[in-house]
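The block underneath contains the structure these notes are about, expressed in C-alpha cells.
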2 protein chains.
Amino acid sequence: MNPATANIEEAILSAILAGRIDPGTRLGEQKLADLFGVSRTRVREAMMRLETRGVVQVSARRGWYVVEPSAEEAREAFQTRRVIETGLLHSLREVPAEVLKSLKEHVAMERDAIGAGDVHSRACLLGDFHIHLADALGNRLLTEIIRDLTARTTLISMLYQPTEKAEESSHDHEDIVAAMEDGDLARAARLMDEHIGKVEAGLDLTAKPDPLAGLRALLSPAAFAGNAPSVPPIHAQPPHDQPHIHGHPATKED
Amino acid sequence: MNPATANIEEAILSAILAGRIDPGTRLGEQKLADLFGVSRTRVREAMMRLETRGVVQVSARRGWYVVEPSAEEAREAFQTRRVIETGLLHSLREVPAEVLKSLKEHVAMERDAIGAGDVHSRACLLGDFHIHLADALGNRLLTEIIRDLTARTTLISMLYQPTEKAEESSHDHEDIVAAMEDGDLARAARLMDEHIGKVEAGLDLTAKPDPLAGLRALLSPAAFAGNAPSVPPIHAQPPHDQPHIHGHPATKED
DNA sequence: GCTCACAAACTTGTATACAAGGCTGTAAGC
DNA sequence: GCTTACAGCCTTGTATACAAGTTTGTGAGC
C-alpha cells in the first residue's frame, strides 16, 4: 500500500480511536488534501479504504462523514465483539508470560490515566486494552479485525454514552487479566462477556444520534426565558454542520 | 457506495468465493476497465477496497494480484475463523427454526452437488455454509467478516489443498446442524472447532505456493525422456505469467 | 412578513493525461 | 556461446480538468 495513503488512513483511524474526531464529523476531500499536502486522489483512496473498514461513509456529492452507527448497528458491533473476544479467550490454551506482563502494565496505565483525570488518553487506553489482548494470540489478522471493531464501538460510545464509566471498565479489565493469570480462561471469557455487556448496557440506545440535540437545548424553555443571547435560535446550529447519515431525521412530534 | 464500483468488487469477490479465480491471478486495471466498460479510476477503487478486505494485493507498477497467503497467514486465517465461529455458536442461546431449516436445506444442496460430481458449485457451497451460519445471528457485520475470511480460506485451500475432502466437510456440516437442532450448542461449537481443524490439517502448508510448480513438472525426467513436445521447456511457462507476491522465489538448489 | 424559485458556490464523481518505474527482448562485447 | 547493458513497451501512480449534483443565499411575488 502506498505509504502516504496509509498515513492518511492511519491518522484518521488513530484520531477516531483516541476519541479526537466525533462521529458525524464531515471530512472534506479538499480540506484533507491541503492538510496532508497531497491531491484529492490520495485522500479519496484513504477514505474509500476507511469506508470498507466501516469507519466513514460517503454521502453522494455532499461529503465524507465519520459514521454514526444506528442503534441496530451498535448492537451488532457489541455482539460481534462479544463473539470474537470470548471466542479468543476460549481458544487460548495458555497465556504467554510476556503477554500477561504487557496486559498488567496496560491496566496499570489505565489506572494512572484515570487517577490523573486524563480523560483523553484514558478513553484511548480503555479501547486499546482489547487490541492488546488480541495480540495475545499473535494473530495480526484477528488484531486488525478487533481494531476496526474497537474504532466502531468507540464511536458508538461517543454517540450514546453520556457518562463514561472508566473506573468500572478498568476494574473489569483487571479482573479479566487476573483470571488469565490464574489460567482460568473460561472465567476470563465469562468476565469479558459480562464486561462488554455492561458497556453496552450503559449506553442509551434509545437516544438516537441526533444532530439537532444541541439545537433542542436552545429551544428549551430556559432559552425562551431570555437567557439566550440574541443569536437567532433556529439557525444557531444549522443542520448541515453536523449532518447525519443514517436517516434519523428530527422527530416530527416535537 | 457507488453501485458500479460495488459491482466490480462484488463480481471479483464472488468469483473468488466460487473458486473461479486462482490465487496469484493478475488483475490488470485496464483489462478490467475494458471488461466492465468503465475507466481505470473505478477499477482502482474496487481494487483498493478489495485490498483492504485482504483479497488482492498490489505490486508497485506491476499490477494487482489475487493474494497468495503464506503458510503463516493461512494459519492465522484458520485460527481466526475458529475463534469467531466457535464464539458465534457459544453465544447463540437458541437457534431460530427458520435458520435451522435453511441450514438443513443448504447441507442437502451440498450433498446433491457432491453426488452430482459438480466440483464447481460444491466448493462454493461448502464455503457458503459458514456464511449461512453467520446469518443465524442476523448480524450483518459478523456475516461480512466471515465472508471475507471465507474468501481467504478458499484461496488458501486452492493453494495448499491438492485433494478436497468434500464429502467429509459436508458430513461435518451435517453433524454441526444436528447438534444445533438438539440445542446442544456447546457440542456444535466443539464440532466446528474440530471441523475447521480438520480442514486446516488437510492442507500441506509446507508446500509453499510455487508459481513454478508447473514448470518443475516439465523439467521432470519424463519430460527429458522425450515425450514433451518441442516446446522449449525453460520458456514454456514464463514466470511472469503467474508472478508471486509473497516472496517465494524459485528454490535455487534445483 | 412569508414562501417559493432560481442562481451561484461548493463538493464529490469520473475520466484522462502524463509521470515514474518494471519487465522483456535485443544486440553488443567478451 | 554466454553475459550484460540498454531501449522500448507496458503497467501502475498521481494530479488535474471537467461533469454532475447538492446546498445555500438572494430576491421576486404574494
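The sequence lines fix the lettering, A, B, ..., with proteins before strands; numbering per chain opens at 1.
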Side-chain ion pair, B:R75 and B:E72, N-O less than 4.0 Å: yes
(Q) Salt bridge or not between A:R81 and A:E200? Use side-chain N to carboxylate O under 4.0 Å. (A) no
Check: Are B:S91 and B:L137 side-chain neighbours, meaning at least one heavy-atom pair lies under 4.5 Å?
Finding: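 SC-SC contact between B:S91 and B:L137 confirmed.
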Check: Hey, are the side chains of A:F78 and A:L203 touching, using non-hydrogen atoms and a 4.5 Å cut-off?
Finding: yes
side-chain contact (heavy atoms from CB on, under 4.5 Å) filter on A:A77, not counting sequence neighbours, yields A:R152, A:T153, A:I156, B:L141
5' to 3', nucleotides 5-18 of chain D under a 4.0 Å protein heavy-atom cut-off (B base, S sugar-phosphate only, - none) gives ------BBBBBB--
